[in-house]
Amino acid sequence: MIKLGEKQELIVVKKVEFGVYLATSQEEKENRILLPAKQVPEGCNVGDCIEVFVYRDSSDRMIATTKEPKLVMGQVAELTVAQIGKIGAFLDWGLEKDLFLPFKQQKRRVKQGEKVLVSLYIDKSNRLCATTNVYENLRSDSPYKKDDKVVGRVYEISDNFGAFVAVDNQYSALIPKKELYGNVALGEDVEARVIDVLPDGRLTLSIRERGLMQIEKDAQELLALLDSYSGVLPFTEKADPEVIRRETGMSKNEFKRAVGHLLKSGEIVMKDKVIRKA
């Protein structure tokens, strides 16, 4: 059976002026696909095996190519948005016909020229399309261990679980909600630290530093925030957690630790429900 969206070896069963027809066996009479003449290897004859990728051309016919696609079924790849259409985007994946990414398969609307992380799927009309729902195709055999530093693309954010990340654009990872810090945005790359490798191989990450290093980092960011407020922050650690998160990017506990650190060092003072630089 010829498989759409996959690389496979097929047999040359017929030569014509405009190319060769390929099938899974020489006896196959019905399911044959064309490999255009400009891609037929020199000296190719009936009975030869050729490795090809199978997709659909601009007329929606199954066709073979010897070109190397940037993405095959079951994989994840970063592709560039070539153009935006009325019902979706079109991605450059190294073949003559761009790959369609429907709006309904986008976690957020993509823009022309940007790079997006996608997988392949076959839609109800038996056409190859792209999706940003890459979870099922991410690998769980990364070489990373606890405390390793990694870089990954945020491909989904869940209010319940946290931020789902594709480390190196191929390995499955999660930044739990309690480990989120600052403004983590969908579609952006983050630097993180591995805090656990689960039994199934998936990674658990944190974008926070360890212990005292993080407190000192938070304290410096708080001082910078004070400077932006002309030296006076109009709330203290008793403010609503959502206010603290919105204004500082820290949780209430993180904010309290940073404030305590700066109070102890004498760099700030608290009075009349405000924080001032000393």
Side-chain angles (χ1 to χ4, degrees), residues 1-106 109-134 136-139 153 166 169-170:
M1 179 180 178
I2 296 176
K3 298 177 180 179
L4 188 65
E6 298 185 25
K7 291 178 67 176
Q8 56 217 276
E9 280 199 350
L10 296 177
I11 300 171
V12 177
V13 294
K14 185 178 181 180
K15 295 183 70 173
V16 292
E17 184 179 345
F18 45 86
V20 298
Y21 281 98
L22 306 174
T24 54
S25 70
Q26 289 183 312
E27 294 74 27
E28 179 63 63
K29 302 296 184 182
E30 299 294 330
N31 298 313
R32 298 178 174 186
I33 61 172
L34 178 70
L35 176 64
K38 60 183 178 181
Q39 296 188 46
V40 176
E42 187 175 349
C44 177
N45 294 306
V46 172
D48 289 349
C49 288
I50 304 177
E51 185 178 58
V52 295
F53 177 75
V54 179
Y55 70 117
R56 290 188 180 275
D57 64 13
S58 56
S59 299
D60 221 22
R61 297 169 299 194
M62 284 184 69
I63 194 168
T65 179
T66 54
K67 290 184 177 180
E68 190 74 24
K70 297 177 182 178
L71 177 65
V72 302
M73 194 70 74
Q75 293 183 352
V76 176
E78 185 181 67
L79 302 180
T80 301
V81 180
Q83 59 179 314
I84 305 295
K86 293 182 178 179
I87 56 175
F90 294 89
L91 312 178
D92 175 12
W93 63 326
L95 302 181
E96 292 180 1
K97 180 187 176 184
D98 289 337
L99 179 63
F100 180 50
L101 172 61
F103 284 138
K104 65 180 180 180
Q105 293 294 330
Q106 300 176 23
R109 290 295 174 92
V110 300
K111 300 177 182 178
Q112 185 170 339
E114 83 167 284
K115 294 182 177 180
V116 294
L117 200 64
V118 294
S119 290
L120 283 178
Y121 76 99
I122 298 175
D123 70 6
K124 294 180 180 179
S125 300
N126 202 34
R127 295 173 299 184
L128 279 176
C129 297
T131 177
T132 58
N133 297 306
V134 299
E136 294 296 333
N137 290 313
L138 290 174
R139 295 166 54 185
R153 177 71 51 82
N169 287 345
Q170 59 181 318

Heavy-atom pair of closest approach, residues [X] and [Y]:
{"X": "K7", "Y": "V72", "result": "CG-CG1, 4.2 Å"}
{"X": "Q105", "Y": "T131", "result": "OE1-OG1, 2.6 Å"}
{"X": "M62", "Y": "V54", "result": "CE-CG1, 3.4 Å"}
{"X": "L120", "Y": "G5", "result": "CD1-O, 4.1 Å"}
{"X": "A89", "Y": "I84", "result": "CB-CD1, 3.7 Å"}
{"X": "Q75", "Y": "S119", "result": "O-OG, 3.1 Å"}

With sequence neighbours excluded, tell me which residues meet salt bridge (charged side-chain N to carboxylate O under 4.0 Å, His left out) with [X].
{"X": "D57", "value": "R61"}
{"X": "R56", "value": "none"}
{"X": "K70", "value": "D92"}

Can you list the steps and then say if I50 with C44 is a side-chain contact (heavy atoms from CB on, under 4.5 Å)?
CA-CA 9 Å; I50 304 177; C44 177; 3.6 Å; yes
With rounding to the nearest 0.5 angstrom, report the [atom1] to [atom2] distance, [X] to [Y].
{"X": "I63", "Y": "L4", "atom1": "CD1", "atom2": "CG", "answer": "12.5 Å"}
{"X": "E9", "Y": "T24", "atom1": "CD", "atom2": "OG1", "answer": "12.5 Å"}
{"X": "I11", "Y": "E27", "atom1": "CD1", "atom2": "CD", "answer": "7.5 Å"}
{"X": "L10", "Y": "D48", "atom1": "CG", "atom2": "CG", "answer": "13.0 Å"}
{"X": "T80", "Y": "D98", "atom1": "OG1", "atom2": "CG", "answer": "10.5 Å"}
{"X": "L117", "Y": "Q170", "atom1": "CG", "atom2": "CD", "answer": "10.0 Å"}

Are the side chain of Q8 and the backbone N or O of E6 linked by a donor-acceptor pair below 3.5 Å?
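Looks like yes, one N/O pair under 3.5 Å.
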Looking at K124, is its backbone amide N or carbonyl O close enough to the side chain of N126 to form a donor-acceptor pair, meaning the two atoms are under 3.5 Å apart?
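The answer is no, because no donor-acceptor pair under 3.5 Å joins these two groups.
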Heavy-atom count around K111 NZ within 6.0 Å, excluding the residue itself: above 12?
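For K111, atom NZ is not crowded (no more than 12 foreign heavy atoms under 6.0 Å).
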Should the heavy atoms of other residues, nucleotides or ligands under 6.0 Å from NZ of K115 be counted, would the total exceed 12?
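No, not enclosed.
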Side chain proximity check, M73 to K3, heavy atoms < 4.5 angstrom:
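Not in contact.
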Taking C-beta and beyond as the side chain, do K15 and N45 meet within less than 4.5 Å on heavy atoms?
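The answer is yes, as the side chains (C-beta and beyond) meet within the 4.5 Å cut-off.
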Yes or no on side-chain contact (heavy atoms from CB on, under 4.5 Å) for L22 and V12, after CA distance, side-chain angles and deciding distance?
CA-CA 5 Å; L22 306 174; V12 177; 3.7 Å; yes
Side-chain atoms of residues 30-39: list all donor-acceptor pairs with protein atoms under 3.5 Å, sequence neighbours left out, distances to 0.1 Å.
unit_1: R32; atom_1: NE; unit_2: E28; atom_2: O; d: 3.0
unit_1: R32; atom_1: NH2; unit_2: E28; atom_2: O; d: 3.3
unit_1: K38; atom_1: NZ; unit_2: E96; atom_2: OE2; d: 2.8
unit_1: Q39; atom_1: OE1; unit_2: T65; atom_2: OG1; d: 2.6
unit_1: Q39; atom_1: OE1; unit_2: T66; atom_2: N; d: 2.7
unit_1: Q39; atom_1: OE1; unit_2: T66; atom_2: OG1; d: 3.3
unit_1: Q39; atom_1: NE2; unit_2: T65; atom_2: OG1; d: 3.4

How would you list all residue pairs meeting ring pair (Phe, Tyr, Trp, His ring centres under 6.0 Å) that involve residues 39-80, not counting sequence neighbours?
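The answer is F53-W93.
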Give the C-alpha distance, both sets of side-chain angles, the deciding distance and a yes or no for side-chain contact (heavy atoms from CB on, under 4.5 Å) between V116 and E78.
CA-CA 5 Å; V116 294; E78 185 181 67; over 6 Å; no
Partner set under side-chain contact (heavy atoms from CB on, under 4.5 Å) for A130, not counting sequence neighbours
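If we apply the side-chain contact (heavy atoms from CB on, under 4.5 Å) test to A130, skipping adjacent residues, the hits are L91, L99, L101, V118.
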Would you kindly check if the NZ (Lys) or CZ (Arg) of R127 is within the cone defined by 45 degrees around the ring axis of F100 and under 6.0 Å from the six-membered ring centre?
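Cation-pi check for R127 and F100: fails.
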I87 and K104: side-chain contact (heavy atoms from CB on, under 4.5 Å), yes or no, with the steps?
CA-CA 9 Å; I87 56 175; K104 65 180 180 180; over 6 Å; no
